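Worksheet: the structure to be examined is printed underneath.
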Amino acid sequence: MRLVVPVSGSDPKTRLSTVLSPDERRDFTEAMLADVVDAVTSAGHEPEVISTAPLDCAVPVTVDDRGLDPLVNDLLASTVTDDEGALAVVMADLPLVTRESIERLLAPEADVVLAPGLGGGTNAFICRHPEFRVDYHGASIRDHRETARDVGASVTEVDSRRLATDIDEPGDLAEVLLHSDGAAADWLKQSGFELTATGGRVDVERFR
Ligand SMILES: Nc1nc2c(ncn2[C@@H]2O[C@H](COP(=O)(O)OP(=O)(O)OP(=O)(O)O)[C@@H](O)[C@H]2O)c(=O)[nH]1
Ligand SMILES: C[C@H](OP(=O)(O)O)C(=O)O
């Protein structure tokens with residue numbers, strides 16, 4: 001199955017601007033991407049990384065400056081042309097993913113398999129239906145369920161905390177330090193981030 005990892009390589013992760021400089025946001029993006037590429041590779045698949053700008057990565061990176069919707073919809077149109085074609089899209093900001101969570105995503109045989117993100121996004125999907133298209137941002141999981149239904153596709157959802165945890169905001173960084181020992185967690189530790197527990201709530205603080 002064709003498996004694509006789209007990445008924003010130009011000014012990525014703007015919602016982390018309060019805690020990371022522009023260079024750090026790019027470096028952290030590369031670290032999260034490394035975790036995703038590792039998980040996909042160890043699940044026996046060859047990820048195609050498509051980034052808006054060049055990035056360091058263990059596998060080749062195709063540079064394509066299109067936004068997510070035109071990019072992914074074009075991939076769908078060219079890959080899922082009949083009952084045989086299948087496309088998987090896994091976002092690059094999922095540093096908690098493991099071989100097992102990728103295998104769980106790839107196991108169902110439905111026309112459309114959706115992995116919802118915390119906050120309403122669509123962190124990963126598989127499509128085997130020629131008419132399904134994406135419309136990201138906002139509560140995209142709701143839109144994708146509806147689109148799949150409208151085109152008559154069978155739909156399954158994968159209930160996985162690791163696939164659901166996309167790292168968008170400073171508060172999400174605690175999840176990386178709590179549940180991962182991959183490249184993104186290493187990068188955060190080397191950059192001075194540590195877990196803190198105040199008032200019964202776990203958070204991160206930067207000590208240098
Ligand atoms: N190829 C490509 N990937 C994108 C684009 N926009 C976002 N992505 C990737 O899609 C996933 C979800 O992105 P978002 O969290 O919505 O955007 P982001 O740029 O990472 O972060 P923000 O600037 O904080 O919204 C991440 O893996 C991004 O790297 C784009 O225009 N093109
Ligand atoms: C791309 C977008 O990501 P989010 O903004 O939810 O992280 C979505 O999944 O719709």
Side-chain angles (χ1 to χ4, degrees), residues 2-40 47-57 59-76 78-79 87-97 101-102 105 112-127 132-148 157-158 160-173 175-176 180 182-184 187:
R2 186 173 188 191
L3 192 154
V4 169
V5 180
V7 199
S8 171
S10 33
D11 197 26
K13 289 291 145 208
T14 53
R15 284 170 280 176
L16 295 176
S17 296
T18 51
V19 291
L20 298 179
S21 72
D23 283 352
E24 287 174 331
R25 285 189 277 118
R26 197 205 50 241
D27 292 348
F28 184 54
T29 295
E30 287 177 345
M32 293 197 289
L33 172 65
D35 288 335
V36 173
V37 164
D38 258 13
V40 170
E48 280 179 58
V49 176
I50 305 183
S51 173
T52 54
L55 283 176
D56 274 347
C57 185
V59 298
V61 175
T62 301
V63 176
D64 184 322
D65 65 3
R66 278 178 294 174
L68 268 183
D69 287 346
L71 172 71
V72 174
N73 283 330
D74 192 45
L75 291 167
L76 283 166
S78 58
T79 310
L87 177 72
V89 174
V90 179
M91 292 312 193
D93 56 355
L94 312 175
L96 269 54
V97 292
S101 43
I102 296 294
L105 170 73
V112 175
V113 180
L114 299 170
L118 300 173
T122 308
N123 286 356
F125 74 86
I126 295 171
C127 176
F132 178 78
R133 293 293 180 268
V134 294
D135 182 5
Y136 283 110
H137 299 296
S140 68
I141 191 67
R142 214 170 40 184
D143 299 334
H144 293 151
R145 282 182 195 128
E146 198 177 310
T147 305
E157 295 201 15
V158 182
S160 157
R161 185 173 52 82
R162 290 189 173 274
L163 282 165
T165 308
D166 49 340
I167 306 304
D168 290 331
E169 291 169 6
D172 300 331
L173 299 177
E175 299 301 316
V176 186
S180 172
W187 188 90

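For clarity, every value in this text was computed on a predicted model and none was experimentally measured. Whatever order the structure lists them in is the order used to number ligands and atoms, beginning at 1. Just so it is clear, the values below take in all heavy atoms, side chains as well, and ignore hydrogens, waters and symmetry mates.
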I need the minimum non-hydrogen distance between [X] and [Y], along with the two atoms involved.
X: P95; Y: D35; value: CB-OD2, 3.6 Å
X: L105; Y: A115; value: CD1-CB, 4.1 Å
X: G9; Y: P12; value: O-CD, 3.9 Å
X: C57; Y: V37; value: SG-CG2, 4.0 Å

Taking [Y]'s backbone N and O only, do any of them form a donor-acceptor pair with [X]'s side chain (distance below 3.5 Å, no angle check)?
X: T165; Y: R162; value: no
X: D93; Y: D166; value: no
X: D64; Y: I50; value: no
X: S78; Y: D74; value: yes
X: K13; Y: I167; value: yes

What are the atoms of ligand 2, with element, lying closer than 4.0 Å to any heavy atom of [X]?
X: D166; value: 7 (O)
X: D168; value: 7 (O)
X: L68; value: 1 (C)
X: S140; value: 8 (C), 9 (O), 10 (O)
X: G121; value: 6 (O), 8 (C), 9 (O), 10 (O)

Against heavy atoms of [X], which atoms of ligand 1 measure under 4.0 Å?
X: I50; result: 1 (N)
X: L71; result: 1 (N)
X: T52; result: 2 (C), 30 (C), 31 (O), 32 (N)
X: A92; result: 27 (O)
X: P6; result: 1 (N), 3 (N), 9 (C), 27 (O), 29 (O)
X: G67; result: 31 (O)
X: R66; result: 30 (C), 31 (O), 32 (N)

Heavy atom of the protein closest to [atom] (residue, atom name, distance):
atom: atom 23 (O) of ligand 1; value: T14 OG1, 2.5 Å
atom: atom 9 (O) of ligand 2; value: T122 N, 2.8 Å
atom: atom 2 (C) of ligand 2; value: H137 ND1, 3.8 Å
atom: atom 5 (C) of ligand 1; value: L68 CG, 3.6 Å
atom: atom 28 (C) of ligand 1; value: S8 N, 3.6 Å
atom: atom 2 (C) of ligand 1; value: V7 O, 3.3 Å
atom: atom 25 (O) of ligand 1; value: R15 NH2, 3.0 Å
atom: atom 10 (O) of ligand 1; value: M91 SD, 3.5 Å
atom: atom 13 (O) of ligand 1; value: D93 OD2, 4.3 Å
atom: atom 5 (O) of ligand 2; value: R15 NH2, 3.4 Å

Handout entry: Sub-3.5 Å N/O-N/O distance, D64 and ligand 1
Key = no
Exercise for the section: Before signing off on this row, confirm whether D11 and ligand 1 have an N or O atom pair separated by under 3.5 Å. Expected result: no
Completion exercise
Paired with R133, the side chain to side chain contact (heavy atoms under 4.5 Å, CB included) test is passed by just one of V72, N73, D69, namely N73
Handout entry: Option among T52, V63, D65, L55 that satisfies the side chain to side chain contact (heavy atoms under 4.5 Å, CB included) test with S10
Key = T52
Exercise for the section: For atom CZ of R66, decide whether the heavy atoms of other residues, nucleotides or ligands shown that lie under 6.0 angstrom number more than 12. Expected result: yes
Atom [atom1] in [X], atom [atom2] in [Y]: separation rounded to 0.5 Å?
X: L118; Y: D168; atom1: CG; atom2: CG; value: 9.5 Å
X: T29; Y: D11; atom1: OG1; atom2: CG; value: 9.5 Å
X: T79; Y: E48; atom1: OG1; atom2: CD; value: 7.5 Å
X: I141; Y: Y136; atom1: CD1; atom2: OH; value: 9.5 Å

Exercise for the section: With the side chain counted from C-beta on, respond yes when T147 and D135 share a heavy-atom pair under 4.5 Å apart, and no when they do not. Expected result: no
Problem - Close approach of K13 to ligand 2, heavy atoms, under 4.0 angstrom - result: no
Problem - Within-shell test, H137 vs ligand 1, heavy atom, strictly < 4.0 Å - result: yes
Practice task
Quick one: look at H144 and ligand 2, take heavy-atom pairs under 4.0 Å, and tell me if it's side chain, backbone, both or neither.
Solution key: neither
Handout entry: D93-ligand 2 polar pair, N/O distance under 3.5 Å
Key = no
Handout entry: Any N or O of Y136 closer than 3.5 Å to N or O of ligand 2
Key = no
Exercise for the section: Would you mind telling me if ligand 1 is within reach of the side chain of D168, the backbone, both or neither, using heavy atoms under 4.0 Å? Expected result: side chain
